[in-house]
A.B. asks: 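Sharing a structure, written as C-alpha cells. Questions coming.
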Amino acid sequence: GFLGWTIPSSIPVGSYEGASLFYRLNESIADQFSHFPTGPQVNDPFWIYMLTWHIGLFLTLTLAKIGYEGRKEGYFGPIGSDAKKISD
C-alpha cells in the first residue's frame with residue numbers, strides 16, 4: 001500500500017514544474033526545518049503538498065484493502081482453483 005502511492009507520487013509532473021509531489025513535499029519539509037521551531041504559515045504551500053500526499057496515501061491504502069478483502073471473500077468472482085473448476 002505505502003509503495004503503491006509513494007512510487008506514483010515520485011513521478012515528475014508539469015504542474016510541479018517538472019518535479020514530483022513527493023519531492024515537493026520533502027523539499028517543503030526541509031524548508032520548514034530550516035526555521036524550526038516556528039511552524040508553517042497558513043498560506044504556505046507545505047499544507048497543499050502535505051494534504052494532497054496524505055489524501056492520496058490513505059485513498060490508496062483504503063482501496064487496496066477493499067480490493068484485497070473483496071477478492072479474498074469472492075466478491076469479484078472465483079479465484080485460484082475455484083475459477084478452474086467453473087471453467088471446466
Side-chain angles (χ1 to χ4, degrees):
F2 176 74
L3 288 178
W5 174 241
T6 304
I7 292 170
S9 71
S10 297
I11 297 171
V13 293
S15 61
Y16 292 121
E17 300 170 359
S20 67
L21 173 60
F22 189 68
Y23 174 79
R24 290 291 184 189
L25 176 63
N26 286 322
E27 181 182 53
S28 182
I29 290 170
D31 182 49
Q32 295 304 318
F33 275 134
S34 71
H35 50 78
F36 180 81
T38 304
Q41 299 293 323
V42 174
N43 61 351
D44 195 295
F46 164 78
W47 296 112
I48 298 294
Y49 301 144
M50 193 263 308
L51 287 172
T52 304
W53 195 87
H54 282 90
I55 288 170
L57 173 66
F58 294 133
L59 182 65
T60 302
L61 290 172
T62 301
L63 294 176
K65 183 67 173 179
I66 291 170
Y68 175 77
E69 292 296 326
R71 184 169 170 88
K72 189 170 77 171
E73 295 292 326
Y75 290 120
F76 306 124
I79 57 171
S81 61
D82 292 338
K84 292 179 185 175
K85 289 178 187 176
I86 291 174
S87 64
D88 290 340

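Quick caveat, the model's predicted, so the values are computed rather than measured.
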A.B. asks: Measuring from atom CZ of Phe36 to atom OG1 of Thr38, what distance do you get when rounded to the nearest 0.5 angstrom?
C.D. replies: 9.0 Å
A.B. asks: May I ask you to check whether over 12 heavy atoms, not counting those of Phe46, lie within 6.0 Å of atom CZ?
C.D. replies: yes
A.B. asks: Assigning hydrophobic clusters by single linkage (Ile, Leu, Val, Met, Phe, Trp, Tyr; side-chain heavy-atom cutoff under 4.5 Å), is Tyr68 placed with Ile66?
C.D. replies: no
A.B. asks: Show your reasoning for whether side-chain contact (heavy atoms from CB on, under 4.5 Å) applies to Trp5 and Leu21.
C.D. replies: CA-CA 11 Å; Trp5 174 241; Leu21 173 60; 4.0 Å; yes
A.B. asks: Under the salt bridge (Lys or Arg N to Asp or Glu O under 4.0 Å) rule, what pairs show up with a residue in residues 56-67, not counting sequence neighbours?
C.D. replies: Lys65-Glu69
A.B. asks: Run the side-chain donor-acceptor check on residues 26-33: report pairs under 3.5 Å with partners two or more places apart or on a different chain.
C.D. replies:
{"residue": "Asn26", "atom": "ND2", "partner": "Phe22", "partner atom": "O", "Å": "3.2"}
{"residue": "Glu27", "atom": "OE1", "partner": "Arg24", "partner atom": "NH1", "Å": "3.1"}
{"residue": "Gln32", "atom": "NE2", "partner": "Asp44", "partner atom": "OD2", "Å": "3.0"}

A.B. asks: Please give me the minimum heavy-atom distance between Tyr23 and Ala19, naming the atom from each residue.
C.D. replies: CD2-CB, 3.7 Å
A.B. asks: Does Trp47 share a hydrophobic cluster with Leu25, counting links as ILVMFWY side-chain heavy atoms below 4.5 Å and allowing steps through other members?
C.D. replies: yes
A.B. asks: If hydrophobic clusters are built from ILVMFWY residues whose side chains come within less than 4.5 Å, do Ile7 and Leu61 share one?
C.D. replies: yes
A.B. asks: What pairs of donor and acceptor atoms, side-chain ones from residues 48-57 against any protein atom, are under 3.5 angstrom apart with sequence neighbours left out?
C.D. replies:
{"residue": "Thr52", "atom": "OG1", "partner": "Ile48", "partner atom": "O", "Å": "2.7"}
{"residue": "Trp53", "atom": "NE1", "partner": "Ser9", "partner atom": "OG", "Å": "3.1"}
{"residue": "His54", "atom": "ND1", "partner": "Met50", "partner atom": "O", "Å": "2.9"}

